[in-house]
Q: 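Below is the structure I would like to discuss, written out as structure tokens.
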Amino acid sequence: MATTNSQATDDDAVMSDVKNFIDGQYRESAGARTFDNINPCTGAVIGRVHEASQEDVDAAVQAARAALRGPWGSLSEAQRGEMLHAVAQGIERRFDEFLAAECADTGKPRSMASQIDIPRGAANFRVFADAVKNISTEAFRTATPDGKGAFNVAVRKPKGVIAVISPWNLPLLLMTWKVGPALACGNTVVVKPSEETPTTTSLLGEVMNEVGVPPGVFNVVNGFGPKSAGEFLTEHPGVDAITFTGETRTGEIITQAAAKGLRDVSMECGGKNPALVFADCDMDKAIEGTLRSAFANCGQVCLGTERVFVQRPVFDEFVARLAREAGRFRLGVPEDGSTDMGPLVSHEHQRKVLSYYQLAVEEGAEVILGGGVPEMPAELAGGAWIQPTIWTGLTDDARVVNEEIFGPCCHIRPFDTEDEAVALANATPYGLAAAIWTENVSRALRVAPQVDSGICWVNSWFLRDLRTPFGGTRQSGIGREGGQHSLEFYSELQNICIKI
Ligand code: NAD
Ligand code: 6OD
């Protein structure tokens, strides 16, 4: 057992050796199983990951349970808050390591990870460490028959051991988005990061140790979903609540697991998000915003736009400009400062996205841009590269305009009236995010509440304030996180009634 993740050498190449982090110690898998960590830019093996067995998951849950009763449980909110501020500083101190690990696992441009992923990893601890100090609970003075009365005071307590199941698209950001508030509320956590991108979650264990977070408060088990660490953890009776980010289908399976023992769930799932571009928009802003919302992170953002509806008078101009700008994207490796877009996360995901590119053609799309695999230099030929792609001309019932693809692509369709735009936006079983582009404030105020989504941006996209409610309607999820909503999910209210 070790307190740091070590490096394994293989044929003289230095590779990362990503272990489970249990009770403050890095541990190899009790089942001695490992799997490869692949760099999506090249297809090369860059490390090995120790796959947690049932025994490892049991040990992690047990450590988390014991830590609830240990020194962690006796800290005040302010003391926990100080420690979480120290965790944020620890991430910043080791910024370059987190950045390199995140880029190696995902292939995303450094420019993006250094401005969004890693800073948000730190901010997710700071914001909730402070928020927990500022949330009040209710109190009531109650009449009683003897005339003396009673006081009712609600107190907030940790929920217990929280299982955090996180995806691969924004690994550190989305994992800490849950771990930050969970720890701020006094819980302990067992995290199962995505098998595709385990490194930054594992590295966070070192920071926890460096700043003195007690052993067992933060645990990491690596592995896959079904019949692996994900299932072992979500089925574990020692887990009190489950917070999940990932595909809707996985969310359904985990919700069923959580039903055993009536454990609470927070589900942040998929989307098929619309953008509504009105003729009265600022076209430069709408183009710039849609370029980001459709193609940032190679289209692998749950909030991303895959359905664009453009009012007919500006439809041709919008399509031409978006295609011209997206056609200029430079695909490349994270370290190259001129890279606009990296690869998809894996060959498996590339196969899925390419199957939709093929389907779009079969369903009768006009391919305005892309539609296949780009030519890359020989040293990148093994990577999961994909072209940014734009379609028009599909019917409203086409699978490509109804199913989440999670790639750098969008379908653009014209509309005439506001009512038609709202109906089109809502014609989906999902309800995560939407963007409206208009310079008419009255229109924005009229349309936004009619769109069935957890978040609706007007003249912006992915503009985040961590105090605001975040989550989706319908198949995009259950519950809200962010600000006091996170604190509500990660804590239990107890009413104490005191008879005078
Ligand atoms: P995924 O559902 O395949 O995997 C997410 C996590 O769940 C991984 O850690 C995986 O190992 C684990 N998992 C899979 N099957 C499991 C099982 N049976 N039991 C327990 N754990 C299991 O999702 P992904 O491919 O990693 O991420 C992409 C998806 O996530 C997209 O659908 C995207 O829209 C969604 N997403 C949603 C949000 C949001 O905030 N709503 C944010 C990011 C991503
Ligand atoms: O910004 C966030 O807090 C958040 N949960 C973003 C989700 C992005 C989805 O890919």
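All values below were derived from every heavy atom in this structure, side-chain atoms included, with hydrogens, water molecules and symmetry-related copies excluded. All ligand and atom numbering here is 1-based and tracks the order in the structure. In this text, all values refer to a predicted model and were calculated from it rather than measured experimentally.
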Q: Heavy-atom distances under 4.0 Å decide this one: backbone, side chain, both or neither, for Asn169 against ligand 1?
A: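 For Asn169, the contact with ligand 1 is made by the side chain alone.
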Q: Less than 4.5 Å apart, any side-chain heavy atom of His85 and any of Arg126?
A: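 Yes. Closest side-chain heavy atoms under 4.5 Å.
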Q: Give the atoms of ligand 2, by number and element, whose distance to some non-hydrogen atom of Arg120 is under 4.0 Å.
A: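 Counting from 1, the qualifying ligand atoms are 1 (O), 2 (C), 3 (O).
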Q: Can you tell which of Gly223, Gly230, Ala229 gets a heavy atom nearest to atom 21 (N) of ligand 1?
A: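 Result: the heavy atom closest to atom 21 (N) of ligand 1 is in Gly230.
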Q: Between Glu404 and Lys272, is the closest basic N to carboxylate O distance under 4.0 Å?
A: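 No, Lys272 and Glu404 are not salt-bridged.
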Q: Is the closest heavy-atom distance from Ser194 to ligand 1 below 4.0 Å?
A: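 A heavy atom of Ser194 does come that close to ligand 1.
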Q: Give the atom numbers and elements of ligand 2 that come within less than 4.0 Å of a heavy atom of Phe462.
A: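 In order of number, 1 (O).
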Q: Relative to ligand 1, is Thr248 under 4.0 angstrom through side chain, backbone, both or neither, heavy atoms considered?
A: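 For Thr248, there is no contact with ligand 1 at all, from either part.
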Q: Side chain, backbone, both or neither: which applies to Leu170 and ligand 1 if a contact is any heavy-atom pair less than 4.0 Å apart?
A: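 For Leu170, no heavy atom sits under 4.0 Å from ligand 1.
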Q: What do we get for Glu195 next to ligand 1 when only non-hydrogen atoms under 4.0 Å count, side chain, backbone, both or neither?
A: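 Side chain only.
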Q: Of the listed options (Phe406, Phe470, Trp177), which comes nearest to atom 6 (C) of ligand 2 when hydrogens are ignored and any heavy atom counts?
A: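 Nearest option to atom 6 (C) of ligand 2, by heavy atoms: Phe470.
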Q: For residues 54-63, please give each side-chain donor-acceptor pair under 3.5 Å, one per line with the distance, not counting sequence neighbours.
A:
from  : atom 1 : to     : atom 2 : distance (Å)
Gln54 : NE2    : Asp58  : OD1    : 3.1
Asp56 : OD1    : Ala30  : N      : 3.2
Asp56 : OD2    : Ala30  : N      : 2.9
Asp56 : OD2    : Ser53  : N      : 2.8
Asp56 : OD2    : Ser53  : OG     : 3.0
Asp58 : OD1    : His236 : NE2    : 2.9

Q: For ligand 1, which is the ligand I care about here, please tell me if Ser166 has any N or O atom under 3.5 Å from one of the ligand's N or O atoms.
A: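 By distance alone, the answer is yes.
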Q: If you measure from atom 23 (O) of ligand 1 to every heavy atom of Gln256, Glu235, Glu247, which option wins on shortest distance?
A: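 Nearest option to atom 23 (O) of ligand 1, by heavy atoms: Glu247.
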Q: Do Asp240 and Arg263 meet the salt-bridge criterion of a basic N to acidic O distance under 4.0 Å?
A: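 Answer for the salt bridge query: no.
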Q: Using a strict cut-off of 4.0 Å, indicate which atoms of ligand 1 neighbour a heavy atom of Phe244.
A: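 Once the distances to Phe244 are compared, the set is 2 (O), 5 (C), 6 (C), 7 (O).
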Q: Atom CD1 in Ile254, atom CZ in Phe244: separation rounded to 0.5 Å?
A: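 CZ of Phe244 is found 4.5 Å from CD1 of Ile254.
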Q: Can you name the atoms of ligand 1, numbered from 1 with element, that are less than 4.0 Å from a heavy atom of Ile165?
A: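 Atoms satisfying the 4.0 Å criterion: 6 (C), 7 (O), 9 (O), 12 (C), 21 (N).
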Q: Could you list which atoms of ligand 2 come closer than 4.0 Å to a heavy atom of Asn169?
A: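 In order of numbering, the contacting atoms are 9 (C), 10 (O).
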Q: Examine Ser476 against ligand 1 and note whether any of their N/O atoms are separated by less than 3.5 Å.
A: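 Between Ser476 and ligand 1 (N or O atoms, distance only) the closest approach is not under 3.5 Å.
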Q: Go through ligand 1 atom by atom and flag the ones less than 4.0 Å from a non-hydrogen atom of Ile253.
A: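 Checking each atom against Ile253, I get 18 (N).
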Q: How far is atom 9 (C) of ligand 2 from its nearest protein heavy atom, and which residue and atom name does that atom have?
A: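 Heavy-atom neighbour on the protein nearest atom 9 (C) of ligand 2: Cys302 SG, 2.3 Å.
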Q: Quick check for you: to the nearest 0.5 Å, what is the distance between Cys456 atom SG and Asn273 atom CG?
A: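 The SG atom of Cys456 sits 10.5 Å away from the CG atom of Asn273.
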Q: What atoms of ligand 1 come closer than 4.0 angstrom to any heavy atom of Ile254?
A: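 Those qualifying, in numeric order: 19 (N), 20 (C), 21 (N).
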Q: In a check of side-chain contact (heavy atoms from CB on, under 4.5 Å) between Asn37 and each of Thr197, Asn222, Thr199, which one passes?
A: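 The option that passes is Thr199.
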Q: For Arg464 and ligand 2, does the shortest N/O to N/O distance drop below 3.5 Å?
A: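 Yes, Arg464 has an N/O under 3.5 Å of an N/O on ligand 2.
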Q: Given Pro171, Gly270, Cys302, identify the one with the heavy atom nearest to atom 39 (C) of ligand 1.
A: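 Residue with the shortest heavy-atom distance to the ligand atom: Cys302.
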Q: Is the shortest distance from atom 4 (O) of ligand 1 to a protein heavy atom below 4.0 Å?
A: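 False for atom 4 (O) of ligand 1.
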Q: Does ligand 1 have any atom sitting under 4.0 Å from a heavy atom of Gly477?
A: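 Gly477 does not count as a contact of ligand 1 under the 4.0 Å cut-off.
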Q: Report, in ascending order of atom number, the atoms of ligand 1 lying under 4.0 Å from any heavy atom of Leu432.
A: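 This gives 41 (N) as the contact atoms.
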Q: Considering Leu303, Thr245, Thr250, Asn222, which one's heavy-atom position lies nearest to atom 43 (C) of ligand 1?
A: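 Going through Leu303, Thr245, Thr250, Asn222 one by one, Thr245 has the nearest heavy atom to atom 43 (C) of ligand 1.
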Q: Out of Gly471, Pro193, Cys269, whose heavy atom sits nearest atom 41 (N) of ligand 1?
A: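 Closest candidate by heavy-atom distance is Cys269.
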Q: Pick one: which of Lys192, Arg33, Glu51, Glu195 meets side-chain hydrogen bond (donor to acceptor under 3.5 Å, both in side chains) with Ser228?
A: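 Exactly one candidate clears the test, Glu51.
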Q: With heavy atoms under 4.0 Å as the rule, classify the contact between Lys192 and ligand 1 as side chain, backbone, both or neither.
A: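 Looking at Lys192 and ligand 1, atoms from backbone and side chain both fall under 4.0 Å.
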Q: Below 3.5 angstrom, do we get any N/O pair linking Leu174 and ligand 2?
A: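 The answer is no, given that Leu174 and ligand 2 share no N or O pair closer than 3.5 Å.
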Q: Any idea which protein heavy atom is nearest atom 35 (C) of ligand 1, and the distance to it?
A: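 It is Gly246 O, 3.3 Å.
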Q: Verify ring pair (Phe, Tyr, Trp, His ring centres under 6.0 Å) between Trp177 and Phe125, making sure each step is shown before the conclusion.
A: CA-CA 8 Å; Trp177 168 243; Phe125 285 101; over 10 Å; no
Q: Quick one: pull up OG in Ser194 and CG in Asp105 and give me the separation to the nearest 0.5 Å.
A: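 Rounded to the nearest 0.5 Å, the OG-CG separation comes to 9.0 Å.
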